[in-house]
Amino acid sequence: MNDVLLDIRDLRVTYTTEEGLVVAVDDLNLQLRRGETLGLVGETGAGKTTTALSIMQLVPSPPGRIETGEIFFDGEDLRRKRLEDIRNVRGNRISMIFQDPMTSLNPVLTVGFQIEEAIMLHQRLSQRQAGRKARDMLKLVGIPEGRAGDYPHEFSGGMRQRVGIAMALSCNPELLIADEPTTALDVTIQAQVLELMRRLRSEFGTSMLLITHDLGVVAEACDSVAIMYAGAAVETADTERLFTNPRHPYTRGLFGSIPSLDEDVPRLSPIKGIMPDPTELPTGCRFHPRCPAATGICAERTPVMVAVEEGHEVDCMIYEGLVPEARIGEKED
Amino acid sequence: MQPNDTAAGGVKREEKQDPLLEVRNLKKFFNTKQGSLKAVNDISFSVRRGETLGIVGESGCGKSTAGRALLRLVEPTAGEVIFEGENITTFKRDRVRAFRRDAQIIFQDPFASLDPRLSISEIIGEPYEIFSLYSKAERFERVQNLMSLVGLSTKLTNSFPHELDGGRRQRVGVARALALDPKFVVCDEPVSALDVSIQAQILNLIQDLQDRLHLTYVFISHDLSVVRHLSDRVAVMYLGKIVEITTYHNIFTRPRHPYTQALLSAIPIPKVNAKRERLILEGDVPSPVNPPKGCIFSGRCPYVMDKCREAPPALISTEEEHYTACYLVHDQADPVAEE
Amino acid sequence: MRTGSDNVVIAEIDEKQEGLDDTEAGLTSAVPAVTGSRPKRRRTQWAEVWRRLRRNWMAMFGLAIILVIVFTAIFADIIAPYDYREQNLLRVADPPSREHLLGTDDLGRDILSRIIHGARVSLQVGFVAVSISLIVGGTLGALAGYYGGHLDNVVMRFMDVLLAIPSILLAIAIVSAFGGGLGNVMIAVGIATIPVYARIVKASVISIKEQEFIEAARAIGATDLRIILKHILPNSMAPIIVQGTLGVAIAILSAAGLSFIGLGIEPPTPEWGAMLSSGRHLIRRAPHVATFPGIAIMITIFALNLLGDGLRDALDPRLKQ
Ligand SMILES: Nc1ncnc2c1ncn2[C@@H]1O[C@H](COP(=O)(O)OP(=O)(O)O)[C@@H](O)[C@H]1O
Ligand SMILES: Nc1ncnc2c1ncn2[C@@H]1O[C@H](COP(=O)(O)OP(=O)(O)O)[C@@H](O)[C@H]1O
Ligand code: SF4
Ligand SMILES: [Mg+2]
Ligand SMILES: [Mg+2]
């Protein structure tokens, strides 16, 4: 049990909005093992960012509220910790990088100063030592020391993301949460950043929760994957198994939706329909209105996560033996 | 529903040779505070009737500007755009308006490209109003037909854009572009703002419409997988120039330009054990205000030679259906091969 | 190029494509917008604005007052208990009483009747003056914003000149030159506030014209005129409406001010500012003569401001979360 660093159980997070109650995360279960990188994959609105914010205990409230669930980090439930203990965990033992690092950097302070400040907040170092360390961190992510005195807007998108990484890693966190860290970047810059993250991870042994909507990034950077749909994980497995043998109809649909770079696929096989209205999630299996395999029972009964093989769990009634599997193949031709 | 299984071999669809559009030495410079910004810097290519020419490149390399210059939505600084034998860059205002009936555009941002104050049917029917075509009843009929053509429920006729999700809005944009029955459509990153599952629906739609309506496309995207999936030929742009044009097949199997190779190797492939050679580029794209003097890629190219820094290499044919702007490739290629 | 009625496009539409089936996707009456932007029910944008406005009780209070004033102005002849011109020199500056609810003025006229008729004048001045400045300023601003360059420079420098002179001084100058009277006051107040509208319209035209749907309109062959009238102006209405509402208040106040200093609307027209002015020298002996017209002005301005603020919030919900 001790090798599980992060264990999320039955998490449910809602937002109260004018249109009604948005269930952003519903019954989410996730495990991240120490030293591992877990990819959290899903489309816009699947609840990925909300999950990350829940771990950090930073869900904006109001309108958000963590209703139920436990978030065990290193064996302790973060939801039961006192505020000051949480503050100590945040930025020190768990840190986060965002899609646009501009949002987490203060535009009127130099990047060097900001990293320094983050270090001094959590470590007992003198200002000089912290400054030294800040410049070392920048060097580590490939930014010349001399630029420590520059302001965030003086950096390009890729450089800013490096600054974000330097800041996040400056306190040697045990867990790094990266929320779409490369989505805003061009591919060649994305490749640089992914390479950097890979290097640093092996160097520091940091565990990582990598949020992305790009299955390519997952294949490249993650040890295991959780596919999220409308607030819940619908399939979890290690990367190899998930990519060689995706089981959930939604996962299969995602693979059918991406154009291939190295094979000729004359036509994509998209998932029909659109994401459900988050204020009125479908009954039963929440994917059933879009699922090619769905039968009557799918609208009525909620599936339970079952292990189809060791370490490969799927949230679909096909694997509970309640829905014939053949129907998936039929439509895919 | 059935895939058109003509995809065997290197050519996706039947041979297309007859050019619908020819672009010669097209340039578009913007005056900025820093100086003249060379957004599109002397590009030439042709688009054959019925084909899809893909344009791929990273953000800011000039794809959108090029696409808009083809349609006179931005005024080219220099160069010619020959559409069906006529140079549209010399057209006066009325001819440009008439040209709009033949050449259309689908925009990237389905949120910004629809007027929030107009209903769906008003948006799709606006071209008819502008060109005073058809009676009211006929217009209504046509708008309904267009809506079913692009897969929009006719229940949405009187809805407003903010009531629709991104995918449906993009369908509205497609319907508007097709209202005047154009021959040629520039698709400027039509799926970049959409989630993968919706993206696939729109890509299929764009593909089906081409087959049905015999459209010719210029398809712009920063995503090489998407471009390759849809295109017959692909042009790779970097810093305002085209560095390589070849068939969709060659672009993956035999990329010649070092930038194309780097671009390919940077794309994460959604497969495990997709072991590939890594070619990670250093640094960022230089500013289009001061592009490098010689080869546009010389500042970041791992194979840079002295002559690369002196004069820009021309985009010339290095093998059949394959044009490359790189001295390295020119040196290796048959010296007789020329355009 | 082509004569163009034959649309091949539309011929065959029978085929059902996968992924395109709205109906199968469980789409019933309400259209779920995709997550991110929260789902909205079917409503036009104006209905949406009205819904938000309705929830702001201060704005609704302002609107109610304005409606009462408008109603009073329209039916002044019926509502007013006396003829507003009718003098009764035997009852000069009488305090409020049962016959004269708000008392009488220095010439023994019924103040209530004069205030009721004055509403007509004030509203007229307000709306006409705002219309003048809106039409002139709006057109200039729209042209400057859309075309930019030289035109923009010339127009806006001219506006700067107008703006450099305090608007009340400008109005005074115009009225002194061309004489008072209702028409001239409206023109003077209107001209004085032209730059305000030119600036607002220009700013909003500039922000709208950069949006992609304007380019989309050009791509389908729309002329400049059509783009301005059909796409840009309707989308720039929000700040214009807010400014217009507040502008009516300002215009009413300016007209009252002009009348007060004797440059505006001439007696016997019952103008609130003029009434206030004529009650000035009685302020000790009969304070009601000046007070009631003053209260009428105050209530009107207050109501218009409440409504204007409410509209601002309702039209741009981003400003107020
Ligand atoms: N601050 C908020 N207020 C209201 N709803 C929100 C807020 N943040 C997120 N949501 C809603 O919660 C759902 C999940 O959002 P999010 O966690 O951001 O998903 P993702 O990161 O996967 O795109 C969405 O439907 C979104 O609209
Ligand atoms: N209207 C404009 N004024 C000034 N610069 C522009 C304008 N439009 C585009 N640019 C610049 O031209 C270059 C190419 O832009 P664009 O064609 O939009 O690239 P892409 O579509 O490939 O991302 C960029 O550097 C951009 O900043
Ligand atoms: S339970 Fe039914 S609807 Fe849900 S995923 Fe499985 S097959 Fe699809
Ligand atoms: Mg997110
Ligand atoms: Mg672009």
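Please read all numbers here as calculations on a predicted model, not as lab measurements. Residue numbers start from 1 in every chain, and the chains themselves are labelled A, B, ... in the order their sequence lines are given, proteins ahead of strands.
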As an exercise, state the distance from CG of D186(A) to CG of D223(B), rounded to the nearest 0.5 Å. 11.0 Å

Any side-chain heavy-atom pair from D208(B) and R267(A) closer than 4.5 angstrom? yes

Check side-chain hydrogen bond (donor to acceptor under 3.5 Å, both in side chains) between E189(B) and all other residues, then give those that pass, not counting sequence neighbours. S192(B), H222(B)

I would like to know whether R228(B) and D262(A) meet salt bridge (Lys or Arg N to Asp or Glu O under 4.0 Å); could you show each step before the answer? CA-CA 9 Å; R228(B) 202 196 83 101; D262(A) 53 356; over 6 Å; no

Which residues in residues 222-238 of chain A have any heavy atom closer than 4.5 Å to a heavy atom of chain B? none

I'd like to check the ring-ring contact (aromatic ring centres under 6.0 Å, His included) partners of Y217(B); sequence neighbours left out, ordered by chain and number. none

Side chain / backbone / both / neither for V218(A) at chain B, heavy atoms under 4.5 Å: neither

Measuring from atom CG of L264(B) to atom OG1 of T188(A), what distance do you get when rounded to the nearest 0.5 angstrom? 12.0 Å

Go through the atoms of L281(B) and report whether side chain, backbone, both or neither lie under 4.5 Å from a heavy atom of chain A. both

Lys/Arg N to Asp/Glu carboxylate O, K271(B) vs E220(A), below 4.0 Å: no

Any chance CZ of R147(A) has more than 12 other-residue heavy atoms, nucleotides or ligands included, within less than 6.0 Å? yes

Just verifying a value: how many Å separate E282(B) CD and Q192(A) CD, rounded to the nearest 0.5 Å? 6.5 Å

Side chain to side chain contact (heavy atoms under 4.5 Å, CB included) assessment of D264(A) paired with H229(B): CA-CA 7 Å; D264(A) 287 349; H229(B) 173 72; over 6 Å; no

For residues P259(A) and L203(B), determine if any side-chain heavy atom of one lies less than 4.5 Å from a side-chain heavy atom of the other. yes

When rounded to the nearest 0.5 angstrom, what is the spacing between CG in L194(B) and CD1 in I274(A)? 12.0 Å

Run the side chain to side chain contact (heavy atoms under 4.5 Å, CB included) test on S197(B) and E43(A) for me, step by step, so that the C-alpha distance in whole Å, both residues' side-chain angles and the decisive distance to 0.1 Å come before the verdict. CA-CA 8 Å; S197(B) 71; E43(A) 297 178 89; 2.8 Å; yes

Just how far is it from atom CD1 of I198(B) to atom NZ of K272(A), taken to the nearest 0.5 Å? 13.0 Å

Relative to chain A, which segment of Q199(B) carries a heavy atom at a distance below 4.5 Å: side chain, backbone, both, or neither? side chain

With a 4.5 angstrom heavy-atom cut-off, could you sort out which part of L224(B) is near chain A: side chain, backbone, both or neither? both

Go through the structure and list residues passing salt bridge (charged side-chain N to carboxylate O under 4.0 Å, His left out) with E240(A), not counting sequence neighbours. none

From S257(A) atom OG to N204(B) atom CG, the distance as rounded to the nearest 0.5 Å: 9.0 Å

side-chain contact (heavy atoms from CB on, under 4.5 Å) with P270(B): of L254(A), V217(A), I258(A), only one passes, and it is I258(A)

If you look at every heavy atom in A266(B) and V187(A), which pair is closest and at what distance? CB-O, 3.7 Å

